[in-house]
Amino acid sequence: MREAVPTLRSKIVAMHQNPTALIIDLFGTDALCLAAELNMLTYVFIASNARYLGVSIYYPTLDEVIKEEHTVQRKPLTIPGCEPVRFEDIMDAYLVPDEPVYHDLVRHCLAYPKADGILVNTWEEMEPKSLKSLQDPKLLGRVARVPVYPVGPLCRPIQSSTTDHPVFDWLNKQPNESVLYISFGSGGSLTAQQLTELAWGLEESQQRFIWVVRPPVDGSSCSDYFSAKGGVTKDNTPEYLPEGFVTRTCDRGFMIPSWAPQAEILAHQAVGGFLTHCGWSSTLESVLCGVPMIAWPLFAEQNMNAALLSDELGISVRVDDPKEAISRSKIEAMVRKVMAEDEGEEMRRKVKKLRDTAEMSLSIHGGGSAHESLCRVTKECQRFLECVGDLGRGA
């Protein structure tokens with residue numbers, strides 16, 4: 001990202017009309033220097049949520065005693081105006097203060113207030129406490145120091161062109177809200193032991209499921225970005241799953257290797273639950289489709305996302321500790337809770353209500369937070385252009 005700044009500068013200079021504003025992502029803060037050089041406003045876009053933003057800008061400002069209480073004594077981290085963050089939920093990068101990854105992360109987070117504003121992929125009803133704190137100069141607003149604009153939910157729109165996938169022929173034959181969709185994102189991976197327990201838990205739950213399954217990697221939970229593929233047995237059961245799994249579950253299960261049209265699957269009326277790693281894009285897709293979740297976070301800010309979904313919003317159940325092996329009996333119980341019990345029905349009711357607020361947020365006519373935020377940013381840009389024009393005429 002740092003090495004890309006000279007190229008970005010030359011591309012902007014070569015444009016026939018200079019941009020009014022430059023939007024960078026959370027790791028693009030080295031490009032903030034271009035704003036003063038090229039007369040632009042700058043905004044940081046946080047593709048994750050307000051909870052993540054709050055922790056990111058607040059943690060680097062803490063003194064060493066408070067940090068030690070959290071990382072060594074494992075006390076919850078108190079965030080002004082927000083829910084406390086458990087030690088188990090903090091991002092791993094904050095637990096290694098002597099490592100380069102920690103210093104890089106902190107450097108970026110400390111730079112966010114140098115922009116003219118921060119755009120975050122959430123909306124008022126999704127995170128009322130965190131957003132209120134970030135916008136209050138007596139709470140997290142005193143650390144953010146610039147306006148924070150909720151512009152979400154932003155995620156990939158549903159594409160009708162992908163519905164020719166064979167999974168939809170299978171889904172069309174299933175009862176409404178009867179299928180659990182299982183996926184750990186683009187790069188999430190489980191160990192061989194955990195995959196086996198998950199397979200047995202699904203089988204013993206007796207619930208319908210679609211599983212985007214990948215080979216195990218006994219290492220980093222994000223290592224499937226780099227892993228090789230495995231073989232299959234004679235009944236097409238992947239060799240890393242219990243023998244005969246496909247045969248025993250063929251009447252209620254559908255296996256998809258590696259990748260699936262996730263947004264389109266979640267939008268199908270037969271899907272009634274989502275076992276997810278809690279990446280923010282997956283979370284938004286699930287909410288926008290009104291589907292409750294089983295939260296199984298793996299890395300990055302996913303543990304904080306899981307806490308938001310289960311503890312604050314009540315639209316998911318959550319595994320106890322994803323760093324420990326989750327037994328098949330616990331998996332079975334969570335699946336049945338979401339798919340076949342009253343608690344799952346209550347979560348489904350809550351997430352559908354939240355879905356309605358998400359649609360309102362994006363509405364041009366409804367006065368939603370996303371539309372209102374973008375109007376405010378546009379007005380800022382217009383005022384900035386007027387000021388630059390006045391300076392030019394004065395010169």
Side-chain angles (χ1 to χ4, degrees), residues 46-56 59 70 74 76-77 79 82-95 120-123 125-131 152-153 155 180-191 194 197-198 201 212 220-222 262 266 273-327 330-331 333-335 337-339 343-344 346-348 350-351 354-355 358:
I46 304 296
S48 188
N49 53 39
R51 189 184 185 93
Y52 167 80
L53 172 61
V55 173
S56 296
Y59 191 87
H70 182 62
R74 303 194 172 192
L77 181 65
I79 308 290
C82 303
E83 290 296 316
V85 179
R86 301 189 312 163
F87 168 80
E88 294 82 4
D89 293 338
I90 200 71
M91 291 182 293
D92 288 343
Y94 288 132
L95 303 179
V120 60
N121 193 8
T122 192
W123 66 102
E125 292 80 5
M126 185 74 169
E127 298 184 273
K129 292 183 70 173
S130 295
L131 283 171
C155 58
L180 176 70
Y181 173 66
I182 304 123
S183 174
F184 289 94
S186 303
S189 55
L190 300 179
T191 65
Q194 192 61 84
E197 291 299 303
L198 177 54
V212 184
S220 169
S221 55
C222 59
Q262 177 166 292
L266 287 170
F274 181 16
L275 195 162
T276 173
H277 66 309
C278 296
W280 193 238
S281 292
S282 291
T283 298
L284 293 183
E285 288 175 348
S286 195
V287 171
L288 286 174
C289 293
V291 176
M293 287 161 270
I294 298 172
W296 190 320
L298 297 177
F299 53 89
E301 90 286 14
Q302 293 164 12
N303 281 291
M304 291 193 295
N305 297 348
L308 168 67
L309 298 174
S310 60
D311 302 343
E312 290 191 54
L313 296 173
I315 59 174
S316 82
V317 295
R318 182 183 181 184
V319 300
D320 293 333
D321 185 355
K323 294 181 180 179
E324 301 292 332
I326 313 300
S327 69
K330 287 185 177 180
I331 294 168
M334 287 190 297
V335 171
K337 184 176 290 185
V338 171
M339 300 303 299
E343 189 171 339
E346 177 63 13
M347 287 189 287
R348 200 163 287 111
K350 288 180 178 179
V351 76
L354 191 58
R355 173 196 61 193

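Values reported hereafter were calculated over all heavy atoms of this structure, with side chains retained and with hydrogens, waters and symmetry mates removed. Everything numeric here is computed off the predicted structure, so don't read it as measured data.
- Scanning all heavy atoms of the two residues, the minimum distance from Asn303 to Glu88 falls at CG-O, 3.8 Å.
- Note that CZ of Phe184 and OG of Ser282 are 11.0 Å apart. Values are rounded to the nearest 0.5 Å.
- Distance check, rounded to the nearest 0.5 Å: CH2 of Trp296 to CE of Met334 gives 6.0 Å.
- Annotation: side chain of Ile294 is in contact with side chain of Val335 (closest heavy-atom distance under 4.5 Å).
- To the nearest 0.5 Å, the span separating CZ on Arg355 from CD on Glu125 amounts to 14.5 Å.
- The two atoms that bring Val120 and Ala50 nearest to each other are CG2-N, 3.5 Å, heavy atoms only.
- Proximity of Asn49 to Met126: side-chain heavy atoms (C-beta onward) are nowhere separated by under 4.5 Å.
- Counting heavy atoms from C-beta outward, Glu127 and Leu308 have side chains that approach closer than 4.5 Å.
- Contact annotation: the side chain of Phe274 never approaches that of Cys289 to less than 4.5 Å [non-hydrogen atoms, C-beta and beyond].
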Inset, instruction - Could you check Lys129 against Glu312 for salt bridge (charged side-chain N to carboxylate O under 4.0 Å, His left out), going step by step and ending with a plain yes or no? - result: CA-CA 10 Å; Lys129 292 183 70 173; Glu312 290 191 54; 5.7 Å; no
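- Between His277 and Phe299, the ring planes lie tilted relative to each other; the angle falls in the 30° to 60° range.
- Looking at every heavy atom in both residues, Val287 comes nearest to Trp123 through CG1-CH2, 3.9 Å.
- Side-chain contact between Thr276 and Ser286: absent, with no pair of heavy atoms (C-beta onward) separated by less than 4.5 Å.
- Side-chain contact between Leu190 and Glu197 is absent, with no heavy atoms from C-beta onward closer than 4.5 Å.
- Residues Met293 and Leu309 form a side-chain contact, since some pair of their non-hydrogen atoms from C-beta on lies under 4.5 Å apart.
- Qualifying side-chain hydrogen bond (donor to acceptor under 3.5 Å, both in side chains) partners for Ser183, counting only residues two or more places apart in sequence or in other chains: none.
- Nearest heavy atoms, His70 versus Val85: CE1-O, 3.4 Å.
- Rounded to the nearest 0.5 angstrom, Thr283 OG1 and Asn121 CG are separated by 10.5 Å.
- To the nearest 0.5 angstrom, Arg74 atom CZ is 8.5 Å from Leu95 atom CG.
- Nearest heavy atom pair, residue Leu180 against residue Leu275, reads CD1-N, 3.8 Å.
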Inset, instruction - Let me see the working for Arg318 and Asp89 under salt bridge (charged side-chain N to carboxylate O under 4.0 Å, His left out), right down to the final yes or no. - result: CA-CA 12 Å; Arg318 182 183 181 184; Asp89 293 338; 2.3 Å; yes
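- Minimum interatomic distance between Gly201 and Ile331 (heavy atoms only, all atoms of both residues): CA-CG2, 4.0 Å.
- The shortest side-chain heavy-atom distance between Ser56 and Tyr94 falls under the 4.5 Å cut-off.
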